[in-house]
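Heads up: the structure comes next, in structure tokens.
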Amino acid sequence: MRKLLIPIFIFSVLILGYAVYQDSQMKKRQELEQVIQDAHQSLNIVDTNPHNMILGDQVEIMMTDSSDQFILKPKEL
């Protein structure tokens, strides 16, 4: 009985760990999709603003050292 109980316990821990891993990955994916959706909404608001002075062809997007920050750099003519 004890020989059977130990593998069952190990298997159940592995299954539970995998379920927790999948849940965390799903939450990360949903959070990323929400950020992308918010970015699209913000971009649409900026694009429809008639007082916007920056045209898309005049700037390029550059990544900073941090992966979650971007800067706009004027393109050289």
Side-chain angles (χ1 to χ4, degrees):
M1 179 72 178
R2 202 175 235 184
K3 291 180 181 181
L4 184 62
L5 207 59
I6 292 172
I8 289 173
F9 178 73
I10 291 172
F11 183 72
S12 63
V13 168
L14 290 175
I15 295 295
L16 181 62
Y18 182 73
V20 169
Y21 170 77
Q22 288 290 61
D23 186 51
S24 68
Q25 291 297 323
M26 182 67 72
K27 286 180 182 178
K28 286 179 185 178
R29 173 176 238 131
Q30 288 173 348
E31 185 177 322
L32 182 63
E33 288 175 357
Q34 182 65 37
V35 168
I36 291 171
Q37 184 179 12
D38 291 345
H40 281 290
Q41 289 175 352
S42 297
L43 184 62
N44 288 338
I45 290 170
V46 169
D47 283 344
T48 59
N49 186 355
H51 303 292
N52 191 5
M53 301 298 281
I54 299 175
L55 298 176
D57 295 349
Q58 296 175 348
V59 295
E60 70 179 290
I61 298 173
M62 308 252 329
M63 281 187 84
T64 60
D65 292 336
S66 175
S67 63
D68 59 347
Q69 294 181 350
F70 297 95
I71 58 171
L72 294 177
K73 175 184 167 191
K75 287 186 178 177
E76 297 186 25
L77 300 175

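By convention here, the first residue in the shown sequence is residue 1.
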Atom OH in Tyr18, atom CG in Asp23: separation rounded to 0.5 Å? 12.0 Å

Under 4.5 Å between side-chain heavy atoms, hopping through other hydrophobics if needed: is there a path connecting Ile8 to Leu16? no

Name the atoms and distances for all side-chain donor-acceptor pairs under 3.5 Å in residues 30-39, with sequence neighbours left out.
residue, atom, partner, partner atom, Å
Gln34, NE2, Asp38, OD1, 3.0

